[in-house]
Amino acid sequence: MSTTTDAAHRREPGPDSPGRPPGGHAGTARVDRLTWGLAVANLIAQIGIIVTGGAVRLTGSGLGCSEWPMCEPGSFTPVFHEATSIHPYIEFGNRTITGVLTVIAVALLWAVYRREPVASRPGGVKALAWVVLGGIALQAVIGGITVWVDLHPAIVGSHMLISLALVAVSAYLLVRLRSADGPARPLLAGPARVLPWLLATLAALMVALGTVVTGTGPHSGDEDAAFRYALDPLIVTRAHALSVWLFVAVAVAGAVLLLRRRTDPSLDGARRAWWWLLAVTLAEGVIGYTQYFTGLPEVLVGLHMLGAALVVTTATFACSGLYSRSESHAPAAAASAA
């Protein structure tokens, strides 16, 4: 075996080390500590920018910067003058977070190509890192379009949905980093195999309808951006609530199914992920109903956006937990040949 491979094994954390991601086994470390840390930081940052983006909208700062990519004509940053409000600084701060996301994504991309053992793994893991970086670039452009179209709810909604998709990709990247590289094999048989697909579909429907509800509500992002969807807010809210209850029903059904198979050790990880999903979904539901019955206060709306990101994260882990991958010996053979 090459000295490069030996050095990589010396860098791998032990099976009980805090640096080892969950799911690893002794002798089968699949990711080094730095790459894992960058992947975790990426997920946290993807969730964080949803919260800061929500703060922009909820404080009425969506048009705090009147231009894009400049903040104001002839200036990349806000320009202080007597009529300056806090809004340009809030919006510019959110744009700055995009720069932080980009730095993390570039570092993560470098790590999956240059750090062992991930560098020797198949291209699927690396492709996910590329999706993250490409998604950030796409979001920067869509953020500019939202300014150009004066915060049209369709563009603002797509901005949120892409952010949630990036959260899902980032969470799945963590799953793949700690998983083996063989083909994915479902751990459930028969009709139950549709469970993760049904849950993912309902999650997508739920968050999509959530953005429509937002597009009919009072928080447009700027007091001068008055355009909202010409829909009955009550009907749209009920449609969103129905999708939530369908999602909850499937999540509960999955938890019951996994509980009935408590003696199957291959489903231990899925059971843990499913309980986290139920806990986060319950908290999100409480926040959602509370904000509805209290007139949509800004703090609760912001917490609801954070909850949406956490639901997507836990749903990704829960669905992924219903699949298993066996070890692929191709990378090891290539390393031995080197």
Side-chain angles (χ1 to χ4, degrees), residues 41-42 44-109 130-167 170 210-231 296-299 301-302 304-306 308-309:
N42 169 65
I44 294 172
Q46 296 289 353
I47 295 173
I49 201 168
I50 288 177
V51 176
T52 61
V56 170
R57 181 165 61 83
L58 295 170
T59 58
S61 304
L63 295 178
C65 288
S66 60
E67 300 287 339
W68 187 90
M70 310 297 283
C71 181
E72 299 180 13
S75 177
F76 183 74
T77 61
V79 177
F80 179 79
H81 48 78
E82 290 184 0
T84 299
S85 67
I86 192 65
H87 300 312
Y89 297 98
I90 295 176
E91 165 60 8
F92 183 74
N94 186 61
R95 293 186 182 188
T96 304
I97 299 296
T98 301
V100 175
L101 270 176
T102 303
V103 170
I104 295 174
V106 169
L108 178 60
L109 189 63
W130 276 110
V131 170
V132 169
L133 183 59
I136 293 171
L138 176 62
Q139 282 289 73
V141 174
I142 293 178
I145 295 174
T146 62
V147 174
W148 295 339
V149 298
D150 294 329
L151 307 179
H152 190 288
I155 306 300
V156 174
S158 67
H159 204 32
M160 176 65 170
L161 291 177
I162 294 173
S163 281
L164 290 172
L166 287 173
V167 167
S170 299
T211 63
V212 177
V213 172
T214 300
T216 64
H219 301 299
S220 65
D222 189 278
E223 61 182 12
D224 295 326
F227 181 81
R228 315 304 286 153
Y229 287 130
L231 299 171
L296 302 176
E298 287 82 356
V299 172
V301 175
H304 198 52
M305 295 178 71
L306 171 61

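Because only heavy atoms are used, hydrogens play no part in the values below, and waters and symmetry mates are left out as well, while side chains stay in. The structure displayed is predicted, hence computed values, not measured ones.
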_List the residues meeting side chain to side chain donor-acceptor pair (under 3.5 Å) with W130, not counting sequence neighbours, and say none if there are none._
Y113
_Within the 4.5 Å heavy-atom criterion, are L151 and R57 side-chain neighbours or not?_
no
*Note, I142 side chain near Q139 side chain (heavy atom, < 4.5 Å)*: yes
*Is the backbone N or O of V213 less than 3.5 Å from a side-chain atom of Y229, with the two atoms forming a donor-acceptor pair by type?*
no
*Contacts of type side-chain contact (heavy atoms from CB on, under 4.5 Å), residue V131, not counting sequence neighbours*: V169
*T214 versus P153: any side-chain heavy-atom pair under 4.5 Å?*
no
*Heavy-atom closest pair, residues V147 and G62*: CG2-O, 4.4 Å
*Heavy-atom closest pair, residues S163 and I50*: CB-CG1, 3.7 Å
*What pair of heavy atoms forms the shortest contact from P78 to P88, and how long is it?*
CG-O, 3.6 Å
*Excluding sequence neighbours, so at least two apart, what forms side-chain contact (heavy atoms from CB on, under 4.5 Å) with A45?*
L101, I104
*Looking only at heavy atoms, what is the nearest atom pair of F92 and F76, with distance?*
CE1-O, 3.3 Å
_Set of side chain to side chain donor-acceptor pair (under 3.5 Å) partners for T146, sequence neighbours left out_ = none
*Shortest non-hydrogen contact from I136 to A105?*
CD1-CB, 3.6 Å
*Who are the side chain to side chain donor-acceptor pair (under 3.5 Å) partners of T52, not counting sequence neighbours?*
N94
*So how far is it from S170 OG to I44 CD1, rounded to the nearest 0.5 Å?*
11.0 Å
*If we only count heavy atoms from C-beta on, is the E72 to T77 side-chain gap below 4.5 Å?*
no
*asked:* So, using side chain to side chain donor-acceptor pair (under 3.5 Å) as the criterion, who are the partners of T216 when residues are at least two apart?
replied: none
*Looking at residues at least two apart in the chain, or sitting in another chain, which of them share a side-chain contact (heavy atoms from CB on, under 4.5 Å) with V51?*
L306
*asked:* Going by side-chain contact (heavy atoms from CB on, under 4.5 Å), name the residues that satisfy it together with V149, two or more places apart in sequence or in a different chain.
replied: I145, H152, I155
_Where I47 and A309 come nearest, the two heavy atoms and their spacing_ = CG2-CB, 3.9 Å
_Nearest 0.5 Å, please: how far is CG in N42 from CG in L109?_
11.0 Å
*Would you mind listing every salt bridge (Lys or Arg N to Asp or Glu O under 4.0 Å) that reaches into residues 87-97, with sequence neighbours excluded?*
E91-R95
